[in-house]
Amino acid sequence: MADPIHQFQIETIATLGKIGNVEIAFTNSALFMFIAVGLTMAFLVLATGSRALVPSRWQSLAEMTYEFVETTVKGSAGQEGMRFFPLIFSLFMFVLVTNFLGMIPGGFTVTSHIIVTFALAMLVFLAVIIVGVLGHGFHFLKLFVPSGVPGYILPLVVLIEVISFLSRPISLSVRLFANMLAGHIALKIFAGFVVSLGAAGVWAVLSPLPLALAVGLTALELLVAFLQAYVFTILTCIYLNDALHPGH
Amino acid sequence: MAKGSESGKTPSEMPPVQSTGISSSNQEAELARRMADLSDRLDTQTAKAGLAGGSIGATGSDSAGMGQGFKAAADLSGGVIVGVILGLGLDRIAGSSPWGLIVFLLLGFSAGVLNMLRGFGMAVPKGSGRPPRQD
């Protein structure tokens with residue numbers, strides 16, 4: 001049967017040079033990141049190029065994307081959150097497009113590598129800390145002190161709150177990565193079943209079963225690809241909201 | 001890009017013929033009432049969805065259950081992983097092995113459970129003194 005992990009293999013396309021002992025290479029992962037960014041830019045630039053009052057189909061698709069993210073940002077982080085709209089919109093489009101590119105047969109799923117999702121999550125995490133400290137200074141630490149907790153238990157609660165805060169980038173990245181990885185492996189395994197059952201003589205009559213499952217899983221994976229991009233976005237907004245309004 | 005559809009749409013976009021004045025104003029009042037009702041219901045739904053935070057697919061289907069499972073797993077493991085990292089780091093610096101690991105593993109587990117409960121809206125939201133939502 002086809003190796004279900006093989007699809008996540010990083011392959012070097014071109015070597016750009018070396019820094020110390022680390023090879024700097026242009027890989028298939030980087031290629032798909034470039035494709036995702038290129039597609040997003042082409043979509044938005046071409047779709048909004050005409051700026052018609054009565055939008056064409058492409059323009060209204062671009063406007064729908066904008067309004068969808070705008071509603072999410074305003075709903076979770078309030079009007080002040082709109083300052084970070086460019087960051088959040090870029091994150092949403094990048095995760096969404098890379099997730100969808102992974103659904104194309106033969107495509108590479110960038111977000112199925114934890115290093116990529118962790119880098120995105122750390123970007124959000126550091127942005128939250130910088131925004132919080134710049135905006136509120138020492139007051140930002142009130143985030144870790146819940147109100148109405150008795151004094152004798154406060155050190156323990158603060159310690160747990162700090163650990164809970166530090167675990168955010170990990171749970172944010174693990175959630176996206178685990179969903180994409182598990183979904184693609186399941187898809188590959190069921191697709192592999194179709195082939196191996198088909199080659200197994202009499203058992204070939206059963207091969208439509210995993211085929212039907214693979215079709216259903218493909219639809220589910222498309223949903224998950226969108227849902228995870230949305231979840232990543234809304235969690236970013238919730239964390240930014242903490243940075244904008246700590247301890248309220 | 002949408003040349004054909006726009007020319008084909010025109011008949012349906014024509015204003016409706018004003019047949020009788022009274023019935024059309026009645027209809028408009030009815031329509032306004034229904035739209036206000038709908039927007040009220042949408043507002044309450046949006047507020048609910050905003051509180052739930054990322055559980056838009058919670059319709060009881062398999063995919064929603066899987067999503068919630070992944071969410072809980074990520075929240076819990078996040079706390080435990082951070083606890084282990086902090087504990088091992090403290091042990092290395094202070095040479096207190098294995099006490100740092102033991103204490104921070106327990107604290108990390110508590111933080112993970114707290115994350116998980118918050119993720120499902122069952123614990124007090126961060127920083128606010130409100131009681132937990134009962135749902």
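In what follows, every heavy atom counts, from backbone to side chain, and hydrogens, waters and symmetry copies are set aside. Nothing here was measured: the structure is a model prediction, and the numbers come from that model. So you know, we letter chains A, B, ... as the sequences are listed, proteins then strands, and number each from 1.
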*Crowding at CG, A:L61 (>12 non-hydrogen neighbours, <6.0 Å)*: yes

*Return the minimal non-hydrogen interatomic distance between A:S164 and B:R118, and the atom names on each side.*
OG-NH1, 4.0 Å

*Measure distances from A:L159 to the heavy atoms of chain B and classify the residue's part below 4.5 Å as side chain, backbone, both or neither.*
side chain

*Between B:N115 and A:S171: side-chain donor-acceptor atoms closer than 3.5 Å*: no

_Structural part of B:L86 lying under 4.5 Å from a heavy atom of chain A_ = side chain

*Within a radius of less than 6.0 Å around CE of A:M82, do more than 12 heavy atoms belonging to other residues, nucleotides or ligands occur?*
yes

*In Å and rounded to the nearest 0.5 Å, what is the CD1 to OG distance from B:I85 to A:S167?*
10.5 Å

*To the nearest 0.5 Å, what is the distance between NZ (B:K71) and CG (A:N179)?*
12.0 Å

*Atom pair CZ/CG of A:R168 and B:D75 - distance to nearest 0.5 Å*: 10.5 Å

*Hey, mind stepping through A:V174 and B:F70 against side chain to side chain contact (heavy atoms under 4.5 Å, CB included) and telling me if it holds?*
CA-CA 9 Å; A:V174 164; B:F70 271 118; over 6 Å; no

_I need the residue from B:S110, B:A73, B:G79, B:A111 with the largest number of non-hydrogen atom pairs under 4.5 Å to chain A._
B:A111

*From A:I170 atom CD1 to B:S77 atom OG, the distance as rounded to the nearest 0.5 Å*: 8.0 Å

*Would you say A:F43 has more than 12 foreign heavy atoms packed within less than 6.0 Å of its CZ?*
yes

